[in-house]
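FYI, the numbering just counts along the sequence from 1. Source: prediction; values computed, not measured.
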Amino acid sequence: MRGKKETLPKATAKRLPLYLRYLKMLNDSGCKRIQSNKFSKMTQVPSATIRRDFSYLGELGRSGYGYEVPYLIEVFDQFLNTEVEKRIALVGYGNLGRALKHNNFRRNENLNIVCVFDNDPKIVGQEIDGQRIHSIDCFAEIAKKERVTVAISTVPSKYSQVAINEIVRGGVSAILNFAPDRVIVPKHVTIQYIDLTTELQTLIYFDEKYSKNFTYFAEERLN
């Protein structure tokens with residue numbers, strides 16, 4: 001990856017898995033070369049943004065020719081370490097936690113939820129859906145035993161800081177948090193937030209904006 005920058009903008013880093021998924025779809029369909037304008041139509045990402053994102057990883061294509069799909073897959077796989085198993089701890093086994101466990105990242109067999117934690121005495125110590133539920137108090141011990149490198153927290157906001165504290169104490173420095181309220185973590189810990197309400201509101205906003213623009217242009221053409 002000649003010319004690759006050590007630190008990517010966060011927005012670019014979030015788009016890389018999306019690019020990789022579509023590239024693998026193209027490769028599976030027999031497409032070996034793609035141009036940014038056509039890739040833009042697939043991914044719904046502006047072609048200028050795609051070219052800029054790709055440039056962070058080096059000189060991946062040629063003007064007028066496009067990009068070699070197998071080579072892009074190789075570069076993105078290497079950058080995202082998709083061939084290396086990531087052993088994941090799931091904290092919080094409510095409805096969202098169960099849904100995540102059932103899905104277990106089927107699109108990438110190297111992302112594996114290997115242990116589950118909760119603080120509900122009704123389920124702690126039990127085996128549910130083939131998975132033993134551990135107490136959050138045992139996080140450090142179990143995470144070390146299972147060689148956990150990533151944690152996902154689905155704990156509600158009012159309990160999130162306590163859960164995150166236990167995760168950090170267990171030596172995990174990469175956390176995906178489904179509680180929207182920000183928590184305090186050490187500088188060496190990387191935490192990503194997913195707020196489903198905000199994501200839905202953003203989706204609705206752009207959908208309504210698109211619908212209004214579509215109606216406006218349709219009326220203009222009729223007039």
Side-chain angles (χ1 to χ4, degrees), residues 1-91 97 99-116 143-144 146-154 167 170-178 185 188-194 199:
M1 289 184 285
R2 181 166 49 88
K4 182 193 76 174
K5 293 188 177 181
E6 290 300 320
T7 303
L8 292 180
K10 183 171 288 187
T12 296
K14 291 178 69 174
R15 285 188 290 266
L16 294 187
L18 172 72
Y19 295 151
L20 181 58
R21 184 164 76 245
Y22 278 99
L23 288 168
K24 288 184 175 180
M25 290 169 57
L26 285 170
N27 194 57
D28 290 343
S29 69
C31 177
K32 301 303 179 185
R33 180 164 59 92
I34 189 71
Q35 293 184 322
S36 59
N37 59 339
K38 293 182 179 179
F39 199 49
S40 173
K41 293 178 181 179
M42 288 185 64
T43 60
Q44 297 298 300
V45 177
S47 56
T49 300
I50 290 173
R51 291 192 294 270
R52 184 176 65 249
D53 288 346
F54 284 14
S55 71
Y56 286 113
L57 303 183
E59 298 175 8
L60 304 183
R62 300 197 304 272
S63 178
Y65 177 81
Y67 301 91
E68 296 284 351
V69 172
Y71 177 63
L72 286 181
I73 292 174
E74 179 184 343
V75 171
F76 282 30
D77 270 336
Q78 181 181 349
F79 188 83
L80 293 171
N81 288 323
T82 59
E83 300 304 318
V84 178
E85 183 187 20
K86 300 298 180 183
R87 298 176 65 81
I88 303 167
L90 175 62
V91 179
L100 290 171
K101 180 63 178 69
H102 289 164
N103 178 71
N104 202 17
F105 310 102
R106 294 170 187 167
R107 287 177 175 169
N108 189 332
E109 61 184 13
N110 288 313
L111 298 177
N112 294 307
I113 294 174
V114 296
C115 49
V116 176
K144 182 178 180 181
E146 294 291 345
R147 295 177 286 113
V148 167
T149 58
V150 180
I152 299 174
S153 174
T154 65
I167 293 171
V172 176
S173 58
I175 305 170
L176 182 64
N177 189 11
F178 277 87
V185 296
H188 72 277
V189 173
T190 301
I191 185 166
Q192 182 74 38
Y193 297 90
I194 295 183
E199 295 294 338

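Tyr67 meets the ring pair (Phe, Tyr, Trp, His ring centres under 6.0 Å) test with Phe54; sequence neighbours excluded. Residues forming a side-chain hydrogen bond (donor to acceptor under 3.5 Å, both in side chains) with Arg87 (at least two apart in sequence, or on another chain): Glu85, Glu146. Residues passing the side-chain hydrogen bond (donor to acceptor under 3.5 Å, both in side chains) test with Gln35, sequence neighbours excluded: none. With sequence neighbours excluded, no residue forms a side-chain hydrogen bond (donor to acceptor under 3.5 Å, both in side chains) with Gln192. Applying the side chain to side chain contact (heavy atoms under 4.5 Å, CB included) test to Lys32 and every residue at least two apart in sequence or in another chain returns Asn27, Pro70. Under the rule for a ring pair (Phe, Tyr, Trp, His ring centres under 6.0 Å), Phe178 has no partner lying at least two apart in sequence or in another chain.
Side-chain contact between Leu111 and Ile88: present, with at least one pair of heavy atoms (C-beta onward) separated by less than 4.5 Å.
Of the candidates Thr49, Ile50, Ile34, Val45, Ile50 is the only one forming a side chain to side chain contact (heavy atoms under 4.5 Å, CB included) with Ser40. Considering Asn177, Leu176, Ile167 as possible partners of Ile191, the one that fulfils the side chain to side chain contact (heavy atoms under 4.5 Å, CB included) test is Asn177. Only one option out of Leu26, Leu60, Leu20 pairs with Leu72 in a side chain to side chain contact (heavy atoms under 4.5 Å, CB included); it is Leu60.
Lys24 NZ to Ile73 CD1: the interatomic distance, rounded to the nearest 0.5 Å, is 7.0 Å. Atom-to-atom distance recorded for Phe39:CZ and Tyr22:OH is 8.5 Å, nearest 0.5 angstrom.
The two residues Ser36 and Ser47 make their nearest non-hydrogen contact at O-CB, 3.7 Å. Across all their heavy atoms, Thr43 and Leu18 have their closest contact at O-CD2, 4.2 Å. Residue Val172 comes nearest to Thr149 through the heavy atom pair CG1-O, 3.8 Å, listed as atom of the first residue, atom of the second, then distance.
For residues 34-55, the pairs satisfying salt bridge (charged side-chain N to carboxylate O under 4.0 Å, His left out) are Arg15-Asp53, with sequence neighbours left out.
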**Q.** side chain to side chain contact (heavy atoms under 4.5 Å, CB included) between Cys115 and Val148, intermediate numbers included
**A.** CA-CA 8 Å; Cys115 49; Val148 167; 3.6 Å; yes

Q.
Would Val75 and Glu68 count as a side chain to side chain contact (heavy atoms under 4.5 Å, CB included) here? Give the steps.
A. CA-CA 11 Å; Val75 171; Glu68 296 284 351; over 6 Å; no

Q | Audit row: Ile175, Val150, side chain to side chain contact (heavy atoms under 4.5 Å, CB included) steps and yes/no | A | CA-CA 6 Å; Ile175 305 170; Val150 180; over 6 Å; no

